Amino acid sequence: MSWWSEFKQHYLVKFWSPIPAVIALGILSTYYFGLLGTFWAVTGEFTRWGGHLAQLFGANPAEWTYLKILGFKGTPWDRIDGVMIIGMFAGALAAALWADNVKLRLPSTRIRIFQAVIGGMIAGFGARLAMGCNLAAFFTGIPQFSLHAWFFAVATAIGCFAGAKVSMLPLFRIPLKMKKVCEATPLEKNKQSAKTKFIIGSIVFFAVAITAITRSFDAPKLGMAMLFGLGFGICIERAQVCFTSAFRDMWITGRGLLAKAIILGMAVSTIGIFAFVQMGMEPKIMWAGPNAIIGGLMFGFGIVIAGGCETGWMYRAMEGQIHFWWVGIGNVLGSLLLALCWDSLAPTLVNGYEKINMLKLFGTYGGLYVNYALMALSFALVVWWERRFLAKKSQYQNNHQ
Amino acid sequence: MKEVIVPDYSLDMRGEPCPYPAIATLEALPTLKKGEILEVISDCPQSINNIPHDAKNYGYTVLEIIQDGPTIRYLIKK
């Protein structure tokens with residue numbers, strides 16, 4: 001095997017192990033904050049897209065309270081979050097094309113489309129109520145020392161539990177198609193189309209990378225955000241980083257692999273964010289009110305019903321999984337709905353509650369240690385839960401053999 | 001030349017998103033006799049992070065994972 005085909009097979013075709021990939025995401029997102037002054041986040045921008053959608057129908061979203069909080073100017077092309085997301089989509093698409101992993105995968109039953117849209121809407125609404133999804137209110141929110149992210153994380157875990165119970169109901173199950181065979185099923189493999197896809201993937205990658213680099217000379221932040229997006233996208237697709245499964249699969253199969261990876265990624269990020277904050281940067285802190293808890297419950301429930309969260313649908317949509325195009329549409333609609341309801345929800349759920357910075361609540365170093373102690377506790381809980389779940393399972397199997 | 005593993009049963013989960021392929025795998029495996037091999041076909045890429053791990057956690061042996069192109073084949077022995 002030539003060095004090139006070995007490299008390709010190893011890094012571009014074979015999936016990456018999720019643990020190092022999530023740690024890499026933790027490191028990347030830390031520098032993202034250091035360079036751009038904001039955290040890696042996607043749903044805020046989806047809400048702005050909802051705003052653009054409303055503009056088509058004659059609305060004036062720039063006047064909406066919620067979009068004033070988020071900032072609503074220009075087009076995605078002029079916003080840090082916007083170009084980062086363009087980069088993310090391009091990165092995920094390039095990565096999927098390189099690996100010959102793009103295929104139009106049609107939903108097998110109509111119930112899946114229903115699940116995707118409804119789940120996506122609930123998740124989009126909940127995420128925006130809490131001011132962030134699995135990123136800003138969890139993976140990149142906890143390292144910002146924002147207490148609301150902890151409220152959201154716990155609520156999401158509970159919401160996912162409820163979602164897992166519902167998604168396993170017979171209504172959502174299709175009958176097993178197991179048959180007796182005497183040889184392995186041949187896998188479809190078209191060498192020529194794989195080659196074409198590889199070339200298209202490379203064109204996407206280089207086109208976006210060159211655009212971003214060129215742009216970074218006159219608009220450094222926008223150029224950098226796009227490059228980071230490209231990296232995030234490649235990483236989540238190659239390692240199949242699914243935040244939904246991190247929570248959900250602890251409840252349904254007792255697997256905590258991704259949950260542990262995410263905690264490690266946040267632990268690596270936390271000290272970096274702390275360093276930037278010590279050098280004078282302002283951390284991004286959100287309201288630690290009932291909105292974070294209710295939002296987390298809805299988000300957790302919604303992502304499990306939909307089968308993917310906001311970052312999850314992005315890379316899966318690029319792989320040609322039609323199911324997740326519907327989840328994306330649901331997400332944008334859900335966040336749009338929240339922006340429309342904000343004025344009636346905010347007085348009871350948000351206003352009057354503080355934006356709590358753990359570095360102020362517990363003191364600078366106290367806050368750092370409390371954040372790490374909570375992460376260590378979460379990690380221990382995941383390990384304990386895995387062992388308990390599997391021990392119960394094997395006991396059950398032994399009794400039924 | 002690698003030895004060709006011949007499965008006894010095949011479970012086709014193409015078109016189904018995760019977690020359903022993993023759930024179906026864990027439901028199908030107990031119906032096999034000890035030593036029999038189940039083939040699972042899935043085009044949910046994320047199954048790479050759940051089917052092999054769950055199968056191992058539940059005490060089955062993952063014999064082979066073929067990942068080349070959009071469909072993944074898992075061979076799992078009870």
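Everything numeric here is computed off the predicted structure, so don't read it as measured data. Worth knowing before you read on, the calculation uses all heavy atoms, side chains too, and leaves out hydrogens, waters and symmetry mates. Labels below follow one simple rule: chain letters A, B, ... track the order of the sequence lines, proteins then strands, and each chain is numbered from 1.
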**Q** Shortest non-hydrogen contact from Ser47(B) to Tyr74(B)?
**A**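 Nearest heavy atoms, Ser47(B) then Tyr74(B): OG-OH, 2.7 Å.
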**Q** Does Lys177(A) pair with Asp12(B) as a salt bridge, N-O distance under 4.0 Å?
**A**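 No.
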**Q** Would you say CZ of Phe114(A) has more than 12 non-hydrogen atoms from neighbouring residues, nucleotides or ligands within 6.0 angstrom?
**A**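 Result for CZ/Phe114(A): open.
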**Q** Check whether Pro186(A) gets within reach of chain B through its side chain, its backbone, both or neither, counting any heavy atom under 4.5 Å.
**A**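 The backbone, not the side chain.
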**Q** Counting N and O atoms only, with roles assigned by atom type, does the side chain of Lys78(B) sit under 3.5 Å from a partner on the main chain of Leu32(B), one being a donor and the other an acceptor?
**A**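 Side chain of Lys78(B) to backbone of Leu32(B), a donor-acceptor pair under 3.5 Å: yes, one is there.
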**Q** Where does Leu38(B) contact chain A at under 4.5 Å (heavy atoms): side chain, backbone, both or neither?
**A**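 Side chain of Leu38(B) only, per the 4.5 Å heavy-atom cut-off to chain A.
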**Q** Which of the residues Gln46(B), Glu27(B), Arg14(B), His53(B) is involved in the greatest number of heavy-atom pairs with chain A at under 4.5 angstrom?
**A**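 Greatest number of close heavy-atom pairs with chain A: Gln46(B).
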**Q** Could you look at Tyr315(A) and say if it's the side chain, the backbone, both or neither that has a heavy atom under 4.5 Å from chain B?
**A**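 Side chain only.
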**Q** Looking at Thr185(A), Leu176(A), Val13(A), Asn101(A), which has the largest count of heavy-atom pairs under 4.5 Å with chain B?
**A**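 Looking at each option in turn, the highest pair count goes to Thr185(A).
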**Q** Has Tyr58(B) got a side-chain atom pairing as donor or acceptor with Thr253(A)'s backbone, closer than 3.5 angstrom?
**A**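 Judged by distance alone, yes, a pair lies under 3.5 Å.
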**Q** Select, from Ala22(B), Pro19(B), Gly69(B), the one with the greatest count of heavy-atom pairs under 4.5 Å involving chain A.
**A**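 Answer, by heavy-atom pair count under 4.5 Å with chain A: Pro19(B).
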**Q** Need one label for Leu106(A): side chain, backbone, both or neither, based on atoms under 4.5 Å from any heavy atom in chain B.
**A**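 Leu106(A) touches chain B through backbone heavy atoms alone.
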**Q** Among the options Pro107(A), Gly254(A), Ser167(A), Ala99(A), pick out the one with the most heavy-atom pairs lying under 4.5 Å from chain B.
**A**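 Result: the option with the highest number of such pairs is Ser167(A).
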**Q** Grab the two heavy atoms, one from Leu257(A) and one from Asn49(B), that are nearest each other, plus how far apart they are.
**A**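 Heavy atoms only, the tightest pair is CD2-O, 4.4 Å.
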**Q** For Glu183(A), is it the side chain, the backbone, both or neither that has a heavy atom under 4.5 Å from a heavy atom of chain B?
**A**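 For Glu183(A), backbone heavy atoms alone lie under 4.5 Å from chain B.
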**Q** Between Phe15(A) and Arg238(A), is there a side-chain heavy-atom distance shorter than 4.5 Å?
**A**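 Contact flag for Arg238(A)/Phe15(A) side chains = yes.
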**Q** Which region of Ala184(A), side chain (C-beta onward) or backbone (N, CA, C, O), has a non-hydrogen atom less than 4.5 Å from a non-hydrogen atom of chain B, or is it both or neither?
**A**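 When you check distances to chain B, atoms from both the backbone and side chain of Ala184(A) fall under 4.5 Å.
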**Q** With a 4.5 Å cut-off on heavy-atom pairs, point out which of Gln321(A), Met168(A), Glu237(A) contacts chain B the most.
**A**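 Max contact count across the listed options: Met168(A).
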**Q** Given heavy-atom pairs under 4.5 angstrom as the criterion, report whether the side chain, backbone, both or neither of Ala96(A) touches chain B.
**A**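 Answer is neither: Ala96(A) stays 4.5 Å or more from chain B.
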**Q** Let's test your reading of the structure: which of Pro45(B), Cys44(B), Gly59(B), Ala28(B) forms the most heavy-atom pairs below 4.5 Å with chain A?
**A**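 If we count pairs closer than 4.5 Å to chain A, Pro45(B) comes out on top.
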**Q** Could you state the interatomic distance from CH2 (Trp4(A)) to CG (Leu12(A)), rounded to the nearest 0.5 Å?
**A**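 It comes to 6.0 Å.
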**Q** Between Trp326(A) and Trp313(A), is the gap from one ring center to the other below 6.0 Å?
**A**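 No, the ring of Trp326(A) stays outside the 6.0 Å limit from the ring of Trp313(A), centre to centre.
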**Q** With only heavy atoms counted, which part of Ile65(B) is less than 4.5 Å from chain A, the side chain, the backbone, both or neither?
**A**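 Answer is neither: Ile65(B) stays 4.5 Å or more from chain A.
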**Q** Quick check for you: among Arg316(A), Arg248(A), Lys14(A), Glu386(A), which has the greatest number of heavy-atom pairs under 4.5 Å with chain B?
**A**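 Counting heavy-atom pairs under 4.5 Å, the top option is Arg248(A).
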**Q** Given that the side chain runs from C-beta out, which part of Lys393(A) has a heavy atom under 4.5 Å from chain B: side chain, backbone, both or neither?
**A**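 Contact with chain B involves the side chain of Lys393(A) alone.
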**Q** Determine whether a donor-acceptor pair (N or O, by modelled atom type, separation under 3.5 Å) exists between the side chain of Asp8(B) and the backbone of Ile37(B).
**A**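 Flag set: sc Asp8(B) to bb Ile37(B) pair under 3.5 Å.
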